[in-house]
Amino acid sequence: MNNSLTEKEYSPEWLLEEFVKIYGGEKSSVRIFASPARINIIGEHIDYNGGKVFPACIDRFLYAAIRKRADTKIFYKDAKFPLSFEFDVNDEFSYSKKNDYANYLNGIIVQLKERGFVFDSGFELLLASNIPAGGGISSSSALECGFAFALCQTFGFDLSRVEIAKIGQMSEHRFMNTKCGIMDQFIIATGRKNTAEILDCATLEYQYVPLELGDCCFVVMNTNKVRKLSDSKYNERRSECERALKILQDGGIKINALCDLSPRDWQECKTLIKEENLQKRAEHCVMENQRVLQAADCLKKGDLVNLGRLLNESHHSLDAKYEVTGIELNTLAQAARQQEGCLGARMTGAGFGGCAIALVQKDKIEPFIENVQKTYTQKIGYPAGFFACGSGDGVHEVDFSNLPDFASRR
């Protein structure tokens with residue numbers, strides 16, 4: 001059984017070899033950067049509603065190999081996709097559908113230029129990703145932040161990790177026209193191995209929480225139904241929350257975001273919102289924000305049973321209140337909960353396809369995957385993808401001296 005979420009697994013060693021085959025030159029002139037996927041343990045669709053979220057980086061990466069050129073040309077290539085692109089660093093970049101993944105890269109360049117950074121040359125880039133595109137574990141943010149970090153390190157731009165996250169978000173807003181929240185970029189830029197991160201999306205204050213799961217781990221389950229935020233109802237949900245917030249503010253509730261409300265506050269003011277769908281969206285935000293605080297407390301106490309319960313509650317709210325799941329994600333979550341050794345499961349990411357996560361005892365992972373796969377395939381008609389994940393670092397440069405048997409071959 002192939003439980004990978006990508007057809008081929010790429011390594012930094014392979015990418016370095018391939019870069020030299022394509023672009024020539026010496027391996028020693030090439031730098032490789034790694035940018036992780038992320039899971040959001042809990043706290044979904046509240047990052048843009050002033051809420052707290054609880055993401056963690058996982059040990060699955062997008063790799064970017066880069067080298068400065070002597071001229072001003074820019075070359076983009078990807079190991080998986082046939083499209084390659086050529087630009088000039090002095091171009092006036094704008095979004096174009098024909099530029100495909102290059103739009104994400106050009107958007108980052110535009111943001112860096114707007115901050116006053118000057119490129120003294122062009123560069124060559126080769127990408128290879130072990131993160132499924134459109135899978136709900138943040139492939140686009142990994143690309144944006146990994147590329148931004150690679151450029152800053154390569155060209156000597158002094159930019160903090162928090163600013164790299166902001167650049168990724170602003171590129172989405174202004175270049176890709178997707179009004180995403182800050183969570184994905186933030187955890188990918190600032191994350192640390194063996195920790196999760198409580199992020200207050202209103203203030204960008206954050207704290208690390210030890211991610212100690214004992215004899216359990218998270219299993220990522222991909223519906224294999226690809227969705228893109230810009231093509232989904234993501235912007236519609238955001239607009240609905242903005243409408244709900246305005247109704248409350250016009251009714252005299254002094255808040256700046258829906259997640260400013262406590263559960264008690266919500267009970268006292270929810271009747272101001274007459275439209276049922278808007279009331280459901282707002283209720284999800286308030287209660288999901290509370291679940292984040294409870295989940296962090298569970299991890300601090302080592303209470304994985306109640307952490308699993310909160311995962312289940314989150315999925316139910318995303319299904320019934322926020323309506324962003326669908327048959328594929330619901331099938332995965334429901335099948336997962338029925339398996340021995342599964343403490344809880346929920347969708348992660350924007351929804352409408354993509355991925356779910358399950359908290360599973362390590363010694364039960366093999367039968368868990370086999371049984372969930374069987375149920376999913378029978379109901380949906382095609383297989384899902386699975387992998388058990390560990391923790392990973394945020395964006396970083398690959399240190400080849402730490403890779404076994406590679407330093408001598410370089």
Side-chain angles (χ1 to χ4, degrees), residues 40 42-54 136 169 172-173 176-184 199-203 223 225 227-295 309-334 346-356:
N40 187 26
I42 203 162
E44 215 65 74
H45 279 282
I46 59 174
D47 54 340
Y48 53 84
N49 284 298
K52 292 180 172 64
V53 290
F54 199 32
Q169 184 193 35
E172 289 268 14
H173 285 194
M176 303 301 294
N177 196 32
T178 298
K179 302 302 182 184
C180 66
I182 190 68
M183 178 191 72
D184 291 354
L199 169 66
D200 186 322
C201 295
T203 65
T223 63
K225 177 185 179 181
R227 60 103 192 99
K228 296 181 180 179
L229 293 187
S230 55
D231 296 335
S232 72
K233 293 186 177 181
Y234 177 93
N235 288 338
E236 179 184 308
R237 290 293 178 274
R238 184 163 185 156
S239 175
E240 288 171 337
C241 289
E242 290 170 352
R243 286 163 56 199
L245 174 63
K246 187 175 189 306
I247 290 169
L248 292 175
Q249 291 172 330
D250 289 348
I253 308 302
K254 298 186 182 304
I255 54 173
N256 296 314
L258 290 175
C259 290
D260 288 347
L261 294 169
S262 69
R264 178 179 290 183
D265 294 334
W266 170 246
Q267 291 303 319
E268 293 175 354
C269 70
K270 67 180 183 180
T271 54
L272 291 171
I273 303 175
K274 305 303 181 184
E275 292 183 52
E276 182 182 3
N277 69 316
L278 297 188
Q279 190 178 111
K280 289 195 298 184
R281 307 299 186 251
E283 182 162 314
H284 165 77
C285 294
V286 174
M287 301 310 296
E288 185 79 348
N289 194 51
Q290 185 70 16
R291 282 188 284 270
V292 170
L293 302 177
Q294 294 171 336
R309 175 184 58 79
L310 290 166
L311 298 182
N312 294 339
E313 289 180 5
S314 174
H315 184 90
H316 177 71
S317 180
L318 288 158
D319 179 30
K321 300 291 185 183
Y322 219 72
E323 299 181 278
V324 291
T325 56
I327 187 173
E328 296 87 2
L329 285 166
N330 285 340
T331 298
L332 282 178
Q334 290 162 8
R346 74 174 196 91
M347 59 153 277
T348 186
F352 311 108
C355 288

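Just so you know, these numbers come straight off a predicted model, no measurement behind them. The basis for the numbers below is simple: all heavy atoms, side chains too, and nothing from hydrogens, waters or symmetry mates.
N289 and K52 make their closest contact through OD1-N, 2.7 Å (heavy atoms, listed as atom of the first residue, atom of the second, distance). Taking both residues in full, the closest heavy atoms of G50 and D200 are given as O-OD1, 4.3 Å, listed atom of the first, atom of the second, then distance. Closest non-hydrogen pair, H173 versus T178, comes out as CD2-O, 3.3 Å. Considering all non-hydrogen atoms of both residues, N256 and Q249 come closest at CA-NE2, 4.1 Å. The shortest non-hydrogen separation linking G353 to L329 is O-CD1, 3.3 Å. Closest heavy-atom contact between P263 and Q290: CD-OE1, 3.8 Å.
The side-chain contact (heavy atoms from CB on, under 4.5 Å) test applied to L272 returns L248, I253, C269, not counting sequence neighbours. The ring-ring contact (aromatic ring centres under 6.0 Å, His included) search around H315 returns none, not counting sequence neighbours.
Atom CH2 of W266 is separated from atom OG1 of T271 by 9.0 Å, given to the nearest 0.5 angstrom. To the nearest 0.5 Å, the span separating CG on N49 from NE2 on H284 amounts to 8.5 Å. We find the CD-OH distance between Q169 and Y48 to be 13.0 Å, quoted to the nearest 0.5 Å. Distance check, rounded to the nearest 0.5 Å: CD1 of I273 to CD1 of I247 gives 5.5 Å. Summarising the geometry, atom CD1 belonging to I46 is positioned 7.0 Å from atom SG belonging to C285; distances are rounded to the nearest 0.5 Å. Note that OG1 of T223 is 7.0 Å distant from CG of L332, once rounded to the nearest 0.5 Å.
Between K233 and V324 there is no side-chain heavy-atom pair separated by less than 4.5 Å. At least one side-chain heavy atom of E288 sits under 4.5 Å from a side-chain heavy atom of S314. A heavy-atom distance below 4.5 Å is not found between the side chains of R243 and K246. Using a 4.5 Å heavy-atom cutoff, the side chains of D47 and N40 are not in contact. Looking only at side-chain heavy atoms (C-beta outward), E276 and Q279 stay at 4.5 Å or farther from each other.
Ring pair H45/F352 is perpendicular by interplanar angle, where above 60° counts as perpendicular and below 30° as parallel.
For residues 313-332, the salt bridge (Lys or Arg N to Asp or Glu O under 4.0 Å) pairs, not counting sequence neighbours, are K225-E328, K280-E323, R281-E323, E283-K321, R309-E313.
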